[in-house]
4 protein chains.
Amino acid sequence: MNEFDTNIPIYLQIMNSIKQHIVAGQLKPGDKLASVREQAEAFSVNPNTVQRAYQELEREGVSETRRGTGSFIAEKANLIPDLAAQMAHEVIRKYIEGMSALGFTDAQIVTEVERALEHSRTAQNSGGTH
Amino acid sequence: MNEFDTNIPIYLQIMNSIKQHIVAGQLKPGDKLASVREQAEAFSVNPNTVQRAYQELEREGVSETRRGTGSFIAEKANLIPDLAAQMAHEVIRKYIEGMSALGFTDAQIVTEVERALEHSRTAQNSGGTH
Amino acid sequence: MNEFDTNIPIYLQIMNSIKQHIVAGQLKPGDKLASVREQAEAFSVNPNTVQRAYQELEREGVSETRRGTGSFIAEKANLIPDLAAQMAHEVIRKYIEGMSALGFTDAQIVTEVERALEHSRTAQNSGGTH
Amino acid sequence: MNEFDTNIPIYLQIMNSIKQHIVAGQLKPGDKLASVREQAEAFSVNPNTVQRAYQELEREGVSETRRGTGSFIAEKANLIPDLAAQMAHEVIRKYIEGMSALGFTDAQIVTEVERALEHSRTAQNSGGTH
DNA sequence: GTGGTCTAGACCACG
DNA sequence: GTGGTCTAGACCACC
């Protein structure tokens with residue numbers, strides 16, 4: 001739950017996590033974000049780090065902050081489809097790039113992901129969430 | 001060609017690039033790596049950074065440094081399949097994780113990569129690698 | 001009408017606004033200040049903030065609070081000329097300081113304000129106060 | 001030299017100070033800014049505070065930061081006239097607004113600044129910088 | 001040495 | 001309680 005990729009600024013990972021929640025529909029326009037302190041506790045991270053993340057999100061227009069009240073997902077709902085497309089595109093791009101660099105063919109790039117999904121599905125069925 | 005992701009240590013990106021070349025068969029056991037200076041020039045990066053990358057690769061047993069002659073891909077050829085599997089696994093894992101977090105279903109995770117590949121293929125046909 | 005400069009305590013801006021009204025003669029000794037709630041509503045601000053402003057004004061001897069009846073401009077009329085001089089002096093000082101730091105000469109500091117006044121006058125004639 | 005206006009974030013005052021230096025021609029495109037640590041020392045302020053200021057300046061396109069090298073005034077010289085106009089306009093606006101609110105007429109707004117300049121000039125002649 | 005990130009902990013303005 | 005700023009001091013990547 002709380003393992004951050006070393007080598008990547010934590011505040012960026014927090015931003016990303018929140019964006020994912022928005023895209024996945026778990027956070028909707030107008031929703032209140034966890035308070036800086038709560039979020040910091042949840043992530044076992046210093047409040048300043050969360051603050052930085054919220055600050056940047058606001059600058060990107062993803063959230064809005066109201067003094068003494070908290071941070072909220074921006075009401076501009078139309079921003080969300082863009083966000084989704086943009087983030088998905090990035091994830092896919094990195095995947096294809098990574099696999100190509102390793103010498104995989106286009107066909108393999110597809111079959112490998114299928115295989116991996118198959119694996120994890122069977123693994124789940126036989127028990128381990130882990 | 002020389003755009004490094006800020007927010008991720010450059011030396012790690014260099015290491016990764018070299019590993020990819022090995023896995024893809026563009027660098028074979030015994031092959032000489034570019035000299036620190038050449039590599040630095042090629043990447044428009046400070047020599048110290050390349051130095052660091054080579055150092056870490058050596059520590060991982062991927063390369064060997066021979067005083068006065070340069071760095072070479074380790075002769076332990078059997079290490080390569082492992083490396084390939086390991087890197088591919090990592091790339092795939094990140095992809096699935098990323099897409100799942102964005103709310104994509106398993107089926108979509110496959111079809112989206114197919115679509116993206118289709119796109120880039122048609123783009124290439126009508127345009128250029130570049 | 002209700003745009004407060006973030007980065008500057010709102011209660012200070014409220015205090016200043018009231019002082020300006022006094023100096024400009026729109027509020028006279030003995031006049032009743034708007035109730036905390038009214039003022040808060042007018043400024044779209046939390047009552048606590050207005051409360052704080054009134055508190056500080058009282059501490060400065062500008063207003064007096066009579067339990068159950070409200071806040072009133074202090075009767076010490078002689079305080080007003082001082083207040084006026086002091087506030088004007090501050091405003092002028094900041095202006096000269098600001099322009100000097102930007103490299104304007106003394107002559108320009110005068111002519112620029114003249115030009116700006118000229119502009120806003122013509123704008124008003126052709127348009128509206130608003 | 002080092003008196004910051006309480007009630008205004010220090011990092012904003014630092015940003016402003018640098019912008020003023022640019023506008024006044026004391027800092028030119030390509031010039032290196034003092035290092036974070038030097039600047040912090042000079043202002044008797046924590047390095048993080050200076051860092052924040054530089055960060056924001058970069059975001060505004062005023063400066064550019066090169067890893068491990070320092071921060072530099074952006075090369076886009078054409079940005080400077082805009083900056084100058086914008087900052088001057090702001091200073092003038094505040095002055096006129098402030099004086100108007102105090103009940104001064106347009107004529108007085110001009111004459112008062114003239115009087116103040118006259119004062120400081122004679123003060124200088126007779127000795128006290130102070 | 002230079003910037004970038006993070007922590008720990010403090011104080012303030014605001015609701 | 002909530003966000004915003006600041007300090008002190010640490011570690012890291014990079015030049």
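Order of the sequence lines sets the chain letters (A, B, ...), proteins ahead of strands, with each chain counted from 1. Just the heavy atoms: all of them, side chains too, but no hydrogens, waters or symmetry mates, feed the values below.
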Identify which nucleotide among [options] has an atom closest to any side-chain atom of [X], counting heavy atoms from C-beta outward.
X	options	value
Asn46(C)	dG15(E), dC14(E), dG3(F)	dG15(E)
Ile10(D)	dT5(E), dT2(E), dT7(F)	dT7(F)
Val36(D)	dG3(E), dT7(E), dT7(F)	dG3(E)
Gln51(D)	dG3(E), dG15(E), dC6(E)	dG3(E)

In this structure, how many angstroms lie between the [atom2] atom of [N] and the [atom1] atom of [X], rounded?
X	N	atom1	atom2	result
Leu12(D)	dT5(F)	CG	P	7 Å
Leu33(A)	dG1(F)	CG	C1'	16 Å
Phe43(D)	dT7(F)	CZ	C1'	17 Å
Asn7(B)	dA13(F)	CG	P	13 Å
Lys32(D)	dT2(E)	NZ	C1'	7 Å
Glu64(A)	dT2(F)	CD	C1'	17 Å
Glu41(D)	dG9(F)	CD	P	13 Å
Gln39(A)	dG1(F)	CD	P	18 Å

Phosphate OP1/OP2 of [N]: any [X] side-chain N/O under 4.0 Å:
X	N	result
Thr65(D)	dG3(E)	no
Arg52(B)	dA13(F)	yes
Thr49(A)	dT5(E)	no

Taking 4.0 angstrom as the limit, do Arg93(C) and Glu90(C) come out as a salt bridge?
yes
Closest non-hydrogen atom pair, Gln51(C) against Val36(C)
OE1-CG2, 3.5 Å
Considering non-hydrogen atoms only, spot the tightest contact between Ile14(A) and Thr49(A) and give its length.
CD1-CG2, 4.4 Å
Polar side-chain atom of Gln13(A) near backbone of Ile8(A) as donor-acceptor pair, under 3.5 Å:
yes
Please state whether the base of dG3(E) and the side chain of Arg37(D) form at least one donor-acceptor pair under 3.5 Å?
yes
So, does the side chain of Asn48(A) form a donor-acceptor pair with the base of dG3(F) at under 3.5 Å?
no
When you match Thr69(A) and Tyr11(D) each to their closest nucleotide on DNA chain F, which lands nearer the 5' end?
Thr69(A)
Nearest-nucleotide check on DNA chain F, Arg67(D) vs Gly68(A); residue mapping nearer the 5' end is Gly68(A)
Considering Watson-Crick and G-U wobble pairs with both distances under 3.5 Å, what does dC14(E) pair with?
dG1(F)
So, for Phe4(A) and Phe43(A), is the gap between ring centers shorter than 6.0 Å?
yes
